[in-house]
Colleague: 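After the structure tokens below, expect a handful of questions from me.
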Amino acid sequence: MRRFITLPITLGVFLCATTAEATTRYIVRLSRGVTGVHGTSVPLTMPSSARIVRTLGTGDLLVELDSADPAVLAALPGVTGVEPDQRLQIASVSDPLWPRQWNMHDPRYGTDVEVAWAYTRGAGAVVAILDTGLAPHSEFDGRVLPGYDFVSDADTARDGDERDGDPTDEGDWVDPGECGARPARPSSWHGTHVAGLAVAGAGNGKGIVGVAPEAMLLPVRVIGRCGAWDSDVIDAIVWASGGTVAGVPPPDRRADVINLSLGGLSICSAAMADAIAGARARGTAVVAAAGNLGIKASSMSPANCPGVIAVGALARDGAQAAYSNHGDGLTLSAPGGSGRGVDADDILSSIDAGRRGREREVFGYSAGTSMAAPQVAGLVALMRSADPDIDVDEITRQLVDNARPVQGRCPKGCGAGVMDAGATVDAVVDELTRRNEVR
Ligand SMILES: [Ca+2]
Ligand SMILES: [Ca+2]
Ligand SMILES: [Ca+2]
């Protein structure tokens, strides 16, 4: 049986120790006046099976034994207690669906988020998800900022009006003939799935965990039932990054990062490039999905816009996913799932059960660069939480410099490699420490 002991450390991370591991290291507590090293009063003589490793800051002795039987230590005169020296680990995540989140913890193909969580879980950072809106889901309880609905076309908005202050996802199901030649399909709850990958809550006894489970979520609706207009996305980027959009009250908090799991086949328009440049100038990083057409990433906007962090997708086997756009246009890659219809090889996140309108919160699998991008956006939130002064260029540089080599095949180009949350946040904290030492 494993016994877990939890103790908080300064960074707010919970460590746990398991006593299942046999130890030969013991912390030996001494009565006052006894010491095993300098012998100021009563010298403690160790048996030949024991070796003093060092004196701890508390005055206790760390002792290594040849055997695992500490009775020999307890019997020594002057010893008041003997305790095993336990090896501490980052707590196993208690959220029940965590074991299925291979994209985060698989030792070869995952993103190593647990290492990053030793520093931060994203508290203080804001992630804006520009998407189909947000279906109510308890994974975001207490962390949803007032968002906005930028869908200006009342005909496709499904909420009966033009822009409004309620970004709730009304469902994007399509009936035959509704959106040109598009086939009929049920609602995707795409925005809720994407949001969960970035910021779903940890330790709430529920579902999954996002990359930045303590970051705030700014939900922004831009996609109606037939897609999103460029013009609505442009306004939403300006707004979420703290710029001014006529007729729309400013957000309570500017986003640290905007996620765009959307795109179309086109060059980057000058207006879109302007909106993104403005967001970057105000300190908001912009992350975009590279697209799922298996073509050059440079052919899809807004992933091809200057300054955008463009994210490709990797399959369950660590290779580039067959659907992922690729090539020089990618900044880096993240797990996006295989997309071959096998749930366990895809990416699990929060959705709604409704085939048309909202019914109830559930969890479901999906694959795509849409799933890869928000994991990078979540990582940007961790970086901003660790160092609130890190600028957008430095964020991009650290993502690239600390990406890991792709473990599977990627002949057409995966950008800098796989996002590595642990190495990246570690590097950001190092850099911050160096900066503070110089001051
Ligand atoms: Ca509306
Ligand atoms: Ca609305
Ligand atoms: Ca959860």
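Only a predicted model underlies this, so the values are computations on that prediction, with no experimental measurement involved. Each residue takes its place number in the sequence, starting with 1.
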Colleague: Could you go through the salt bridge (charged side-chain N to carboxylate O under 4.0 Å, His left out) check for R340 and D346 one step at a time?
Modeller: CA-CA 8 Å; R340 296 179 188 277; D346 289 346; over 6 Å; no

Colleague: Which atom names give the shortest non-hydrogen contact between Y109 and R404, and what distance separates them?
Modeller: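 For Y109 and R404, the tightest heavy-atom pair comes out as C-NH2, 4.3 Å.
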
Colleague: Rounded to the nearest 0.5 Å, how far apart are CG of D345 and CH2 of W102?
Modeller: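 D345 atom CG to W102 atom CH2 measures 7.5 Å (nearest 0.5 Å).
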
Colleague: How many angstroms lie between atom CE of M383 and atom CD1 of I395, to the nearest 0.5 angstrom?
Modeller: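 One gets 5.5 Å once the value is rounded to the nearest 0.5 Å.
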
Colleague: So does R185 have more than 12 non-hydrogen atoms from other groups sitting under 6.0 Å from CZ?
Modeller: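 Check passes, neighbour count above 12.
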
Colleague: So, are D352 and R358 salt-bridged, with charged N and O less than 4.0 Å apart?
Modeller: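 Result for this pair is no, no salt bridge flagged.
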
Colleague: Got a donor-acceptor contact below 3.5 angstrom from the D391 side chain to the D393 backbone?
Modeller: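 Judged by distance alone, yes, a pair lies under 3.5 Å.
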
Colleague: Does a side-chain heavy-atom distance below 4.5 Å link V286 with N259?
Modeller: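 A side-chain contact under 4.5 Å is absent here.
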
Colleague: Could you report the tightest heavy-atom contact between S349 and H193, atom names first, then the distance?
Modeller: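 What the structure gives for the nearest pair is OG-O, 2.7 Å.
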
Colleague: If you measure from CG on D387 to OG1 on T433, what distance do you get to the nearest 0.5 Å?
Modeller: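 Rounded to the nearest 0.5 Å, the CG-OG1 separation comes out at 9.5 Å.
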
Colleague: Between the side chains of D172 and S188, does any donor sit under 3.5 Å from an acceptor?
Modeller: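 The answer is yes; a qualifying pair exists.
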
Colleague: Checking T192 side chain against S350 main chain: does a donor-acceptor pair fall under 3.5 Å?
Modeller: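 No, because the side chain of T192 does not come within donor-acceptor range (under 3.5 Å) of the backbone of S350.
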
Colleague: Tell me whether S138 contacts the main-chain N or O of D141 through its side chain, where contact means a donor paired with an acceptor under 3.5 Å.
Modeller: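 Checking the backbone N and O of D141 against the side chain of S138, no donor-acceptor pair under 3.5 Å is found.
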
Colleague: Does the T132 side chain pair with the main chain of I223, one donor and one acceptor, at a distance under 3.5 Å?
Modeller: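 A pair under 3.5 Å: no.
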
Colleague: Give a yes or no on whether the backbone of V248 and the side-chain of D235 come within a donor-acceptor separation of less than 3.5 Å.
Modeller: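 Such a contact is absent between D235 side chain and V248 backbone.
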
Colleague: If you measure from the Lys or Arg side-chain nitrogens to the Asp or Glu carboxylate oxygens, is any gap between E431 and R434 under 4.0 Å?
Modeller: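 Yes, this pair counts.
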
Colleague: Are side-chain N/O atoms of D426 and T424 paired as donor and acceptor at under 3.5 Å?
Modeller: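 Judged by distance alone, the side chains do not pair up.
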
Colleague: Could you measure the distance from the CG atom of D60 to the CG atom of D85? Nearest 0.5 Å is fine.
Modeller: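 Atom-to-atom, D60:CG and D85:CG are 11.0 Å apart.
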
Colleague: For residues I208 and E139, report the shortest heavy-atom separation together with the two atoms involved.
Modeller: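 I208 and E139 have their closest heavy atoms at N-OE2, 2.9 Å.
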
Colleague: Would you check, one step at a time, whether the test side-chain hydrogen bond (donor to acceptor under 3.5 Å, both in side chains) holds for S261 with H190?
Modeller: CA-CA 9 Å; S261 285; H190 189 267; 5.4 Å; no

Colleague: Report yes or no: does D149 contribute a side-chain atom to a donor-acceptor pair with the main-chain N or O of P167 at less than 3.5 Å?
Modeller: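 Pair absent, no side-chain N/O of D149 close to backbone of P167.
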
Colleague: Any chance you could lay out the side chain to side chain contact (heavy atoms under 4.5 Å, CB included) test for V400 and T331, step after step, and finish with the verdict?
Modeller: CA-CA 7 Å; V400 165; T331 310; 3.8 Å; yes

Colleague: Which atom pair, heavy atoms only, marks the closest approach of T111 to P335?
Modeller: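 Closest pair (atom of T111, atom of P335, distance): CG2-CD, 3.5 Å.
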
Colleague: Which value, rounded to the nearest 0.5 Å, describes the distance between K296 atom NZ and L330 atom CG?
Modeller: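 Interatomic distance, K296 NZ to L330 CG, rounded to 0.5 Å: 12.0 Å.
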
Colleague: L62 versus I52: any side-chain heavy-atom pair under 4.5 Å?
Modeller: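 No, side chains not in contact.
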
Colleague: Looking at L56, I want to see if its CG is surrounded by more than 12 non-hydrogen atoms of other residues, nucleotides or ligands under 6.0 Å.
Modeller: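 Yes, enclosed.
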
Colleague: Got more than 12 heavy atoms from elsewhere within 6.0 Å of CZ, R409?
Modeller: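 Atom CZ in R409 is not crowded, with 12 or fewer foreign heavy atoms closer than 6.0 Å.
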
Colleague: Quick one: are V209 and W117 in side-chain contact, heavy atoms under 4.5 Å?
Modeller: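 Yes. Closest side-chain heavy atoms under 4.5 Å.
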
Colleague: Go through the side-chain N and O atoms of S152 and D232 and say whether any donor and acceptor fall under 3.5 Å apart.
Modeller: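 Yes, D232 and S152 have a side-chain donor paired with an acceptor closer than 3.5 Å.
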
Colleague: Looking at NZ of K206 and CG of D95, how far apart are the two atoms once the value is rounded to the nearest 0.5 Å?
Modeller: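 So the gap between those two atoms works out to 10.5 Å.
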
Colleague: Donor-acceptor pair, T396 side chain versus V392 backbone, under 3.5 Å?
Modeller: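 Between the backbone of V392 and the side chain of T396 there is a qualifying donor-acceptor contact (under 3.5 Å).
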
Colleague: Are any of the side-chain heavy atoms of R25 and V63 separated by less than 4.5 Å?
Modeller: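 Sidechains of V63 and R25: no contact.
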
Colleague: Step by step, work out the salt bridge (charged side-chain N to carboxylate O under 4.0 Å, His left out) result for R384 and D389.
Modeller: CA-CA 7 Å; R384 263 288 161 74; D389 294 329; over 6 Å; no

Colleague: Does H105 reach the main-chain N or O of W98 with its side chain, forming a donor-acceptor pair under 3.5 Å?
Modeller: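 Here the side-chain-to-backbone pair exists.
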
Colleague: Which atom pair, heavy atoms only, marks the closest approach of P219 to V144?
Modeller: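 Residues P219 and V144, closest heavy atoms: CG-CG1, 3.7 Å.
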
Colleague: Using atom types as modelled and distance alone, determine if a side-chain donor or acceptor of E64 lies under 3.5 Å from a backbone N or O of V53.
Modeller: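 No.
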
Colleague: For residues 228-285, pull every pair meeting ring-ring contact (aromatic ring centres under 6.0 Å, His included), keeping only residues two or more places apart or in separate chains.
Modeller: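 Those involving residues 228-285 are Y148-W239, F150-W239.
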
Colleague: With side chain to side chain contact (heavy atoms under 4.5 Å, CB included) as the criterion, how do V418 and L314 come out once you've worked through the C-alpha distance, each side chain's angles and the decisive distance to 0.1 Å?
Modeller: CA-CA 8 Å; V418 198; L314 301 174; 3.8 Å; yes

Colleague: Just do the side chain to side chain contact (heavy atoms under 4.5 Å, CB included) check on R29 and V82 with the steps written out, would you?
Modeller: CA-CA 6 Å; R29 312 221 64 186; V82 177; over 6 Å; no

Colleague: Surrounding CZ of R435 (heavy atoms of other residues, nucleotides or ligands, distance under 6.0 Å), is the total greater than 12?
Modeller: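 Count over threshold, so yes.
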
Colleague: Is any side-chain heavy atom of D328 closer than 4.5 Å to one of S298?
Modeller: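 Heavy-atom side-chain distance check fails, nothing below 4.5 Å.
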
Colleague: For I129 and V220, run side chain to side chain contact (heavy atoms under 4.5 Å, CB included): C-alpha distance rounded to whole Å, both residues' side-chain angles, the deciding distance at 0.1 Å, then the answer.
Modeller: CA-CA 6 Å; I129 304 289; V220 186; over 6 Å; no

Colleague: Within a strict 4.5 Å, meaning less than it, do heavy atoms of the V428 and L432 side chains meet?
Modeller: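 V428 does not reach L432 side chain to side chain.
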
Colleague: Taking the side chain as every heavy atom from C-beta outward, state whether L145 and P251 have any atom pair closer than 4.5 Å.
Modeller: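 Contact flag for L145/P251 side chains = no.
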
Colleague: Does the distance from a Lys or Arg side-chain N to an Asp or Glu carboxylate O, for D166 and R221, drop under 4.0 Å?
Modeller: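 No, this pair does not count.
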
Colleague: Please confirm whether the backbone N or O of A285 pairs with a side-chain atom of R280, one donor and one acceptor, at under 3.5 Å?
Modeller: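 Not confirmed, R280 side chain does not pair with A285 backbone.
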
Colleague: So which pairs with a foot in residues 317-327 pass side chain to side chain donor-acceptor pair (under 3.5 Å), sequence neighbours left out?
Modeller: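 Listed once each, the pairs would be none.
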
Colleague: State whether a side-chain donor-acceptor pair under 3.5 Å links R254 with T284.
Modeller: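 Looking only at side-chain atoms, T284 and R254 do form a donor-acceptor pair, the distance falling under 3.5 Å.
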
Colleague: Taking C-beta and beyond as the side chain, do D169 and W189 meet within less than 4.5 Å on heavy atoms?
Modeller: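 Heavy-atom side-chain distance check passes, below 4.5 Å.
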
Colleague: Which pair of heavy atoms, one from V376 and one from I309, lies closest together, and at what distance?
Modeller: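 Reported closest heavy-atom pair: CG1-CG2, 4.1 Å.
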
Colleague: Does the side chain of R282 pick up a donor-acceptor pair with the side chain of S241 at under 3.5 Å?
Modeller: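 Indeed, the side chains of R282 and S241 share at least one donor-acceptor pair under 3.5 Å.
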
